[in-house]
Amino acid sequence: MDIDLYSYFYDLVKQIPKGMVTTYKELALALGDQIASRAVGQMLAENPTPIIVPCHRVIKSDGTLGGYNHPFGTNKKIELLESEGIKIKNGVVENFNEIIFKDFKTEFPLKKLRNDEQILKEKISLNDVNYDGIVAIDGSYNGRTIYLSFVKIDENLKILDIKNYKDIVNFPYIPTYFSYREGKEIIKFYDGNDLLLIDGNGIMHPRGFGLASFVGVIKNIPTIGIAKSHLFGDIFNDKILSGNAQIGWYIQNRYISPGSNISMESSFILIKKLFKKGDPIKLAHIYANRFMESEQQRQ
DNA sequence: GCGACAG
DNA sequence: ATCTTGTCGC
């Protein structure tokens with residue numbers, strides 16, 4: 001399923017009738033997961049066609065207005081809402097409960113993605129396989145444009161090859177749904193039989209299926225997730241657990257987990273070895289940024 | 001009121 | 001990852 005979540009979302013916003021409002025949370029629920037609330041705000045901020053897509057009709061769950069991307073900011077939002085008959089007092093919408101629109105016609109796309117994951121997740125293997133080389137991957141973003149770098153390295157972090165790709169993403173960043181933003185892009189451009197080091201998590205994920213697992217299963221190659229911050233699991237010294245089961249490692253302030261086609265133990269040994277020389281994701285990040293800046297120079 | 005929230 | 005249209009739980 002390759003959904004353009006931006007388009008799907010703007011179509012949802014168009015359903016809010018004049019004279020009514022909805023909330024960021026209700027739109028997130030219509031997408032299929034409340035965790036997308038902030039992404040709703042982000043997509044509204046990027047609304048390419050204000051008024052046509054009536055983003056001014058979206059307010060916060062407590063009845064206050066929330067932001068508006070306009071030189072006059074929230075004042076413009078108030079003006080638009082009042083012109084549609086909405087009463088606002090002290091920055092709060094009156095009769096909030098009577099005029100809140102919740103009846104979206106939707107197929108809950110994020111729920112669909114979660115269902116699809118259940119099938120893919122069965123294909124995760126934590127058995128070691130052979131691979132050609134090691135490739136570290138990172139993406140830099142400017143709005144909806146991604147600049148992706150694939151940096152082939154040896155075990156001493158010596159750079160052997162660099163490949164860069166530029167694309168427009170069709171999915172916002174939503175916590176725990178990072179696969180559908182960056183993973184789709186990695187899958188689109190990567191071709192080979194290397195071990196991939198990916199900026200995010202593998203099996204160390206609330207649904208056991210993070211970005212590195214998504215890529216590892218779909219490409220059927222070994223992948224390791226390397227995250228800079230904590231998403232899921234309980235840290236005990238250098239191990240990260242979910243219940244009794246180990247799901248990852250905490251090494252040098254990084255959150256490491258196998259994606260697929262590699263064992264927990266091999267992930268540890270390889271990452272330990274690489275980290276003695278440096279952080280491969282940081283390396284890929286430098287090249288992704290450099291690529292982004294050089295492309296922007298070309299304008 | 002402050003921190004979480006993979007990037 | 002950027003540079004700010006959220007929500008929940010402590």
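In what follows, every chain begins at residue 1, and chains take the letters A, B, ... in the order their sequences are listed. Side chains are part of it too, since the values below use all heavy atoms of this structure and drop only hydrogens, waters and symmetry mates.
Comparing B/dC5, C/dT7, C/dT5 by their closest approach to the side chain of A/N69 singles out C/dT5. Of all nucleotides listed (C/dT2, B/dC5, C/dT5), B/dC5 comes nearest to the side chain of A/L231. Among the nucleotides C/dT7, B/dG7, C/dG6, the one closest to any side-chain atom of A/R38 is C/dG6. Comparing B/dG7, C/dT5, C/dT7 by their nearest atom to the side chain of A/S61 picks out C/dT7.
A/H285 comes within 4.0 angstrom of the backbone, heavy atoms only, and of no base. Within 4.0 Å (heavy atoms only), A/L211 reaches at least one base atom of the nucleic acid. The residue A/H205 sits close to a base: some heavy atom pair falls under 4.0 Å. Looking at heavy-atom distances under 4.0 Å, A/D199 makes contact with sugar-phosphate atoms alone, never a base. Among the heavy atoms of the strands lying under 4.0 Å from A/A45 is at least one base atom, whether or not backbone atoms are also near. Note on A/Q34: only backbone sugar-phosphate atoms sit closer than 4.0 angstrom, heavy atoms only; bases stay farther off. Residue A/T176 is in base contact, counting any heavy-atom pair closer than 4.0 Å across all strands shown.
Side-chain atoms of A/Y177 and A/E117 form no donor-acceptor pair, as typed in the model, at a separation below 3.5 Å.
One atom, CG of A/N47, and another, C1' of C/dT4, lie 16 Å apart when rounded to the nearest Å. Following rounding to the nearest Å, A/F9 (CZ) and C/dG6 (P) show an atom-to-atom distance of 11 Å. Atom-to-atom, NZ of A/K282 to P of B/dG7 comes out at 13 Å; the value is rounded to the nearest Å. As a whole-Å value, the separation of A/L65 CG from C/dT5 C1' is 10 Å. Rounded to an integer number of Å, the gap from CG of A/L80 to P of C/dT5 is 16 Å. Rounded to whole Å, the distance from CG on A/L27 to P on C/dT7 is 10 Å. Rounded to whole angstrom, the span from the CG atom of A/L44 across to the P atom of C/dG6 amounts to 9 Å. Rounded to an integer number of Å, the gap from CD1 of A/I35 to C1' of C/dT7 is 10 Å.
Judged purely by atom type and a 3.5 angstrom limit, A/D167 has no side-chain atom pairing as donor or acceptor with the backbone of A/I146. Formation of a donor-acceptor pair under 3.5 Å by the A/K121 side chain with backbone atoms of A/R207 is found in this model. Between the A/R114 side chain and the A/G32 main chain, a donor and an acceptor come within less than 3.5 Å of each other.
Both the sub-6.0 Å distance and the 45° axial angle are satisfied by A/R290 relative to the ring of A/Y287.
Screening A/L195, A/I198, A/N261 for a side chain to side chain contact (heavy atoms under 4.5 Å, CB included) involving A/I224 leaves a single residue, A/L195. Considering A/E84, A/K76, A/K77, A/E79 in turn, A/E84 is the only one that fulfils the side chain to side chain donor-acceptor pair (under 3.5 Å) rule with A/H56.
Considering only heavy atoms from C-beta on, A/M292 comes within 4.5 Å of A/N142 through its side chain. A heavy-atom distance below 4.5 Å is found between the side chains of A/L197 and A/I271.
Across B/dC5 and C/dT4, the matching P atoms stand 23 Å from one another, rounded to whole Å.
Pairing analysis of DNA chain C (Watson-Crick: purine N1 to pyrimidine N3 plus N6-O4 or O6-N4; G-U wobble: N1-O2 and O6-N3; both under 3.5 Å) yields stems of 3 or more pairs at B:1-5 with C:6-10.
A donor-acceptor contact under 3.5 angstrom links the side-chain atoms of A/Y24 to the base of C/dT5.
Non-hydrogen atoms lying under 4.0 Å from DNA chain B are contributed by nothing in residues 235-273 of chain A.
We find that A/E295 and A/K166 are joined by a salt bridge, their nearest charged nitrogen and carboxylate oxygen being less than 4.0 Å apart.
Between C/dA1 and A/K228, a contact under 4.0 Å exists linking OP1 or OP2 to a side-chain N or O. Dashed line: the shortest gap from a side-chain N or O of A/N142 to OP1 or OP2 of C/dC3 is not under 4.0 Å. Under 4.0 angstrom from either OP1 or OP2 of B/dG7 there lies at least one side-chain N or O belonging to A/S229.
In this structure, A/I251 and A/F275 approach most closely via the heavy-atom pair O-CE2, 3.7 Å.
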